[in-house]
Amino acid sequence: MTALSWTEWRTLPLSHPIAEKSLAEQLDGGQSFRWEKDKDGIWTGPLGNSLVSLSHHQNHLQWRTCPSAACTEEFLLSYFDAQGQQAKLIDRLPWRSDPVLDRALKNFPGLRILKHDPHETLIGFLCSSNKRILQIRKMVASLANQLGEPIGGSFHQLPTWTVLARATDAELKACALGYRANFIRNTARVLESQPQWVEEFQKLSTPDLIGKLQTLPGVGPKVAACVALFGFQRLESFPVDTWIVQALSSAYGLNYKRPADFETFGRIHFGSAAGLAQQYLFASARAGQLLPSA
DNA sequence: ACCCAGGTTGTCA
DNA sequence: TGACAACATGGG
């Protein structure tokens, strides 16, 4: 482990500020599983093949990187939607007529969907079934530490699909993936022969993309929706997980049984930015701040 | 010690 | 289609 040499802190301007709790939700709330926060509140994570640190300020972020393979400001501006594209979409959500959504939006000012790497997103959500976010983080960290290239400090890149396809049972076992080990390896064996899969998948319409993702082993409707939303920036994708089922059932009085019915409700009620609404509802539900009485 | 988790898959009616 | 158990593992 070599000592890290950081650049000076620099300002990352944002057209719409991010509240501190919203930043934490974005970096550690189940979109990404790779950021770590130290005692001083500094977030550090691997981003764009280099290591980046972030500190929160009222109307902007401060950032620094390791010079050897430095992350660019341009990359970060895109990652954080610094120009505020999503803020415009949020304004078009039906919050004026939906008090539940209105409160959820106010709970997490500036919360947005970050422009995550599709490869990283797919690995993360392949690990996600029947696991809490903390444990998903640990599985992803194990995969990187056991099988990925070091990039500074204790951080490692995630392994490529080629490496994952050839990983031994013992190597995957050491990552505590449980039955998800076969999801990862079998998906890796499909994708290692398609190095351009991201570019190819990105060309698809959102329904086709979600369908294509579901052909991968271990990818069902929910994981596919998450990968489309976080990894491919399909903001209309509406992942239905246990939190959303609970949230929509209690706050909207829905009594569906099938997840697909909740997904249809989300798509119709929230429209083309349904995935953004989903993030606010998800964050609020997890924080116990969904219902007006809470 | 016991329960359950950002689900998916296989199986049976 | 629809219901339902099995799945590996580790925090709470």
Side-chain angles (χ1 to χ4, degrees), chain A residues 24-35 104 108 111 113-114 116 118 120-143 145-146 167-191 210-232 234-235 237-251 255-266 270 274-290:
Chain A
E25 182 67 24
Q26 287 168 184
L27 298 179
D28 189 28
Q31 285 192 38
S32 170
F33 305 101
R34 297 283 274 151
W35 290 93
F108 290 89
L111 177 64
I113 289 166
L114 301 179
H116 298 284
E120 171 186 322
T121 305
L122 180 53
I123 288 178
F125 283 97
L126 277 170
C127 294
S128 70
S129 75
N130 256 333
K131 280 296 177 187
R132 299 173 207 231
I133 290 173
L134 172 62
Q135 298 192 348
I136 300 169
R137 292 172 54 83
K138 292 187 174 182
M139 288 186 272
V140 174
S142 284
L143 280 168
N145 294 338
Q146 305 269 341
T168 66
D169 288 333
E171 286 172 327
L172 294 180
K173 179 87 173 175
C175 297
L177 302 171
Y179 63 86
R180 301 158 202 80
N182 282 327
F183 291 172
I184 297 266
R185 183 158 51 195
N186 292 336
T187 284
R189 287 177 177 166
V190 174
L191 293 181
I210 289 175
K212 186 73 174 174
L213 287 166
Q214 285 189 76
T215 66
L216 298 170
V219 179
K222 190 271 176 183
V223 169
C226 284
V227 174
L229 178 60
F230 303 127
F232 288 86
R234 304 303 174 94
L235 299 184
S237 180
F238 190 81
V240 176
D241 60 31
T242 53
W243 289 99
I244 290 299
V245 168
Q246 173 59 29
L248 294 186
S249 298
S250 62
N255 61 347
Y256 302 135
K257 304 191 74 173
R258 304 178 317 181
D261 290 329
F262 289 96
E263 195 274 339
T264 301
F265 171 85
F270 299 116
L276 269 169
Q278 193 270 9
Q279 273 304 279
Y280 282 88
L281 295 173
F282 175 80
S284 295
R286 289 212 313 142
Q289 300 174 336
L290 187 66

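Labels below follow one simple rule: chain letters A, B, ... track the order of the sequence lines, proteins then strands, and each chain is numbered from 1. Basis for what follows: all heavy atoms, side chains included, without hydrogens, waters or symmetry-related copies.
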Between atom CG in L122(A) and atom P in dG7(B), what is the gap in whole Å?
16 Å

L126(A) atom CG is separated from dT8(B) atom P, nearest whole Å, by 10 Å

From dA8(C), dT8(B), dG11(C), pick the nucleotide closest to the side chain of K222(A)?
dT8(B)

Taking CE from M139(A) and P from dA8(C), how many angstroms apart are they, rounded to a whole number?
13 Å

How far does CG of L281(A) sit from CH2 of W243(A), to the nearest 0.5 angstrom?
13.0 Å

Parallel, tilted or perpendicular, judged at 30° and 60°: which one describes the rings of Y256(A) and F262(A)?
perpendicular

Of the listed nucleotides dA8(C), dA5(B), dT8(B), the one nearest the side chain of P221(A):
dT8(B)

When rounded to the nearest Å, what value does the distance between P atoms of dT11(B) and dA8(C) take?
14 Å

Distance in angstrom units between L213(A) CG and dT8(B) C1', rounded
15 Å

If you check every side-chain atom of K173(A), which of dG11(C), dA8(C), dG7(B) has the closest atom?
dA8(C)

Counting the atoms with a prime plus P, OP1 and OP2 as sugar-phosphate, which does Q279(A) contact under 4.0 Å by heavy atoms, base, sugar-phosphate, or nothing?
base

To the nearest 0.5 Å, what is the distance between CG on L276(A) and CD1 on I113(A)?
4.0 Å

Which residue lies more 5' along DNA chain B, comparing G218(A) with I244(A) via nearest heavy atoms
I244(A)

How long is the span from the NE2 atom in H116(A) to the CZ atom in F33(A), to the nearest 0.5 Å?
9.0 Å

Could you state the CG-C1' distance from L177(A) to dG7(B), rounded to the nearest angstrom?
15 Å

Round to the nearest Å and state the distance from E263(A) atom CD to dG7(B) atom P.
16 Å

Side-chain atoms of L134(A) come closest, of dT1(C), dG12(C), dA5(B), to dG12(C)

Given dG7(B), is OP1 or OP2 found less than 4.0 Å from the side-chain N or O atoms of T242(A)?
yes

Measuring to OP1 and OP2 of dG2(C), would you say a side-chain N or O of R258(A) lies under 4.0 angstrom away?
yes

In whole Å, what is the span from the CZ atom of R180(A) to the P atom of dC7(C)?
13 Å

